[in-house]
Amino acid sequence: MSIRTQCLASVSILCASMFAVSAAHAQESEPSGDDAIVVWGTQVVADGLALGEEDISIRQADHLSDLLRPIPGVDVGGTHSVNTRINFRGLDDRDLNVYIDGALQTNYIYHHIGNLLINPDILRSAEIQLGTNSVTHGGLGGAIRFDTLDAADVLREGRNIGGRIAGGWASNELWSGSATLYGQAGGLDLLAYYNRVDRGNFEDGSGRATIGSDGVTQNALVKARYNFSDEHSIRASYDRYWDKGDYTQRPDMGVLTNAAITGDILLPTEYTRETLNFGYDGDFGDALDVSLTVYTNDLKLYRDESNPGIPRGILTDRQVTADNWGANLLAQSRLSTGGLDHSFNYGFEYFDQTFDYVSDVTGGAPSQGQESESLAFFVEDDIWLADGVVNIRPGIRYNTHSVDYLTSGQGDKWDKLTWGLAGGVEPVDGLRIFASYTTLFRGPELAEPFGGNAVVKIINPDLQPETGDNFEAGAELRQPFDGGAFGLTARFFETTIDDYIGEVPSGTVAGAVWDANLGTAKIDGFELGANLRTSNFDAFAGFSSSELDASRLTNADLTESLREIGDKLSGELVWNSDNSAIQIGTNIQHTFDQTTAAGDNKPAYTVVNLSGRWENALAIEGMSLTAGVDNLFDETYTSHASRSGNTFHPVFGPLVLNDVEPGRNFKLTAAFRF
């Protein structure tokens, strides 16, 4: 019996017994009025599955993996604070569109760190779109939209001002604290937030301590919204995230590799993100519902590499700045004609990115510059007929993308019209069968700036943009019953990426590199999920499987660019007391062993987490105590979305790359809200 067949049998049993995690809308069971419990947490929604903020809040998330790993088809790689890598079905965030409050986070700064700086503590929601099944976003593998909390989300009913202070401790080397003030006056909504996390060198399940994880992460956020009326509002925010510490040269690799190459040498490092965000939301009825966001999103990576003991070191301090700005507009117009109901979704996305790299900050080396620009217009018509039983959703998108290597004076531009067609039918109440087909487009990335590649990169005149298609089909069942609700989802997908782009030696100029089309990559698989919600229990079970076909790829670095996450079985069960004051939950994830397209083996692992929360603890109104233990059985494991495996380096010899996750970790958080 194959692994997939075994997994399907396991999931069938799980779905029948409904063992597992939280459903959406858990708030419906809360008491009303001034005594209502307002939860500080994140709701995660993914293609028909929803994990409520009450249930996720007891996980005490200090890493995105705490929020996203239960979702079928999703993993998060990286254990270091500067190395977070979201992965959908084997494609990481370089092939996804990731947004924070509408600001696109596209960055590829350095292959040994992540491209995202996100604080999970302040997130209100994470909306996941696995796969590109709509023309409203341009990711190859999907999109994820993070939204941060507003004052309206956390104010107690009947109050116009409030605050929260919180402190957290984790036995595996972590302390955290945060302070928040928020309020409303007239149409004005204000929130000010500060968070600090102090990390040490954690131990893995084998008792081995990592090196170079000791640092401090801070996040400051100020948000304001002014509501002219119930239909019109403007918003603005300032978000600063900064990470500072003495870190290893290769934070994406495990302790064995870093110790083998650099010993105990650590590098002073600063990695920051600064975002300014402005927007307008307007509802003009069926004729127009519009949301406009304009933002700047700037990143800076600084590292002191002047230590002469670094093998093959450059003996300088160096820095990259990424100056990003963009705008996006999403509008909707609804109308009925000829017995059909139409919902037109249309708008545009614009993104401009400039990288500047200085190889010797102290020595005043010249800057190496490069710039890219992307613009897309899209329109999609969601058509409903047969009294809402059938819907059809055609859409088109025009994409244009350009790159300019300012140092070498070379540049090029690509454009393409893509389209999509989706539809569904609801043969009986609560059951929906759906399918979609969407064509893809992705222009080439800029040269990796922190490696100084901009000075040696040239344009390949024969380069084509990445294209391809994504096909999905499945079914959803949603059935309420007295005191609860029940749901099942099943989804099959096949994603094909043609003209896959990779950086290779140009072969035309000595030392020069360029982007080349390396062939076709195909990923196929499926996701299954089951939800059960009653007055006291939230349960969820999920299974996902994905497989990469790289037989038509040549010269591609599969370890770096396509991290296969394989097959995963996850489940969660949360019990809520009648008054929602006490919650107790368990989360289990089993990841099956995976033989990659490159022939490497990623071992299987099982992780069990326990958690619970007590609201109005010790008879103190507004006090909450949350406790739990991650990795209960002290498993030694490496996420399949992280760097893993063995390699042989021509200079440093055999290396073990595994970025091993923390071992058993007891957590405690105390918070007081007023």
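The chain is numbered in sequence order, starting from 1.
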Would [X] and [Y] pass as an ion pair if we require N to O under 4.0 Å?
{"X": "K568", "Y": "E527", "result": "no"}
{"X": "D93", "Y": "R85", "result": "no"}
{"X": "D298", "Y": "R273", "result": "no"}
{"X": "R124", "Y": "D153", "result": "yes"}

Output the distance between atom [atom1] ([X]) and atom [atom2] ([Y]), rounded to the nearest 0.5 Å.
{"X": "L329", "Y": "E349", "atom1": "CG", "atom2": "CD", "result": "10.5 Å"}
{"X": "R240", "Y": "L276", "atom1": "CZ", "atom2": "CG", "result": "11.5 Å"}
{"X": "E445", "Y": "R94", "atom1": "CD", "atom2": "CZ", "result": "4.0 Å"}
{"X": "D341", "Y": "I383", "atom1": "CG", "atom2": "CD1", "result": "10.5 Å"}
{"X": "T132", "Y": "L91", "atom1": "OG1", "atom2": "CG", "result": "9.0 Å"}
{"X": "E476", "Y": "R491", "atom1": "CD", "atom2": "CZ", "result": "6.5 Å"}

Please report the C-alpha distance between E472 and N470 in whole Å, then the side-chain angles of each, then the deciding distance to 0.1 Å, and finally whether the side-chain hydrogen bond (donor to acceptor under 3.5 Å, both in side chains) criterion is met. CA-CA 7 Å; E472 302 200 10; N470 182 64; 3.0 Å; yes

pair [X]-[Y]: side-chain heavy atoms closer than 4.5 Å:
{"X": "L123", "Y": "L67", "answer": "yes"}
{"X": "P465", "Y": "D499", "answer": "no"}
{"X": "E373", "Y": "Y350", "answer": "yes"}
{"X": "P449", "Y": "Q370", "answer": "yes"}
{"X": "L116", "Y": "I86", "answer": "yes"}
{"X": "L375", "Y": "Y398", "answer": "no"}
{"X": "I161", "Y": "Y182", "answer": "no"}
{"X": "T400", "Y": "K413", "answer": "yes"}

The test is side chain to side chain contact (heavy atoms under 4.5 Å, CB included); show your working for D498 and T467 and say whether it passes. CA-CA 5 Å; D498 295 320; T467 57; 3.8 Å; yes

Does the side chain of [X] pick up a donor-acceptor pair with the side chain of [Y] at under 3.5 Å?
{"X": "T439", "Y": "D469", "answer": "no"}
{"X": "N97", "Y": "Y99", "answer": "yes"}
{"X": "N119", "Y": "Y193", "answer": "yes"}
{"X": "Y194", "Y": "T180", "answer": "no"}
{"X": "N324", "Y": "Q105", "answer": "no"}
{"X": "T495", "Y": "D524", "answer": "no"}
{"X": "Y405", "Y": "E371", "answer": "no"}
{"X": "E231", "Y": "S229", "answer": "yes"}
{"X": "S237", "Y": "N277", "answer": "no"}

CA sep, side-chain torsions, deciding dist, call: N297, T275, side-chain hydrogen bond (donor to acceptor under 3.5 Å, both in side chains): CA-CA 4 Å; N297 185 54; T275 304; 2.5 Å; yes

Any side-chain to backbone donor/acceptor pair from [X] onto [Y]? Under 3.5 Å, distance only.
{"X": "D189", "Y": "A151", "answer": "yes"}
{"X": "W414", "Y": "L463", "answer": "yes"}
{"X": "N399", "Y": "D415", "answer": "no"}
{"X": "H63", "Y": "G78", "answer": "yes"}
{"X": "Q479", "Y": "D429", "answer": "yes"}
{"X": "S333", "Y": "A287", "answer": "yes"}
{"X": "S570", "Y": "P70", "answer": "yes"}
{"X": "D412", "Y": "S402", "answer": "no"}

If I compare all heavy atoms of [X] with all of [Y], which pair ends up nearest, and what's the gap?
{"X": "D66", "Y": "A61", "result": "OD2-CA, 3.4 Å"}
{"X": "A126", "Y": "T42", "result": "N-CG2, 4.0 Å"}
{"X": "P427", "Y": "V425", "result": "CD-O, 3.3 Å"}
{"X": "P72", "Y": "L528", "result": "CG-O, 3.7 Å"}
{"X": "I497", "Y": "L140", "result": "CD1-CD1, 4.2 Å"}
{"X": "G73", "Y": "S544", "result": "N-OG, 2.9 Å"}

Worked verdict on N133 versus T438 for side-chain hydrogen bond (donor to acceptor under 3.5 Å, both in side chains): CA-CA 6 Å; N133 45 52; T438 312; over 6 Å; no

Looking at F493, is R89 sitting on its ring face, NZ or CZ under 6.0 Å from the six-membered ring centre and within 45 degrees of the normal?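 Yes, R89 sits over the ring of F493.
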
Within 45° cone of W40 ring axis and under 6.0 Å: R164 NZ or CZ: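 Judged by the rule, R164 and W40 form a cation-pi pair.
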
Are [X] and [Y] an aromatic pair by the rule of ring centers under 6.0 Å?
{"X": "F228", "Y": "Y226", "value": "yes"}
{"X": "F378", "Y": "H137", "value": "no"}
{"X": "F526", "Y": "F543", "value": "yes"}
{"X": "F351", "Y": "W325", "value": "no"}

Check [options] against [X] for a side chain to side chain donor-acceptor pair (under 3.5 Å) and give me the one that passes.
{"X": "S343", "options": "R393, Q332, E380, R334", "value": "Q332"}
{"X": "D150", "options": "Q184, R225, R235, K223", "value": "K223"}
{"X": "D243", "options": "T217, T272, N219", "value": "T217"}

Determine, step by step, whether Y241 and Q218 satisfy the side-chain hydrogen bond (donor to acceptor under 3.5 Å, both in side chains) criterion, reporting the C-alpha distance in whole Å, the side-chain angles of both residues, the deciding distance to 0.1 Å, and the verdict. CA-CA 6 Å; Y241 181 109; Q218 299 175 80; over 6 Å; no

Go through the steps for H401 and F441 under the test side chain to side chain contact (heavy atoms under 4.5 Å, CB included), then give the verdict. CA-CA 10 Å; H401 177 82; F441 170 89; 4.2 Å; yes

Y280 vs H232 aromatic rings, parallel, tilted or perpendicular, using cut-offs 30° and 60°?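 It falls in the parallel class, under 30°.
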
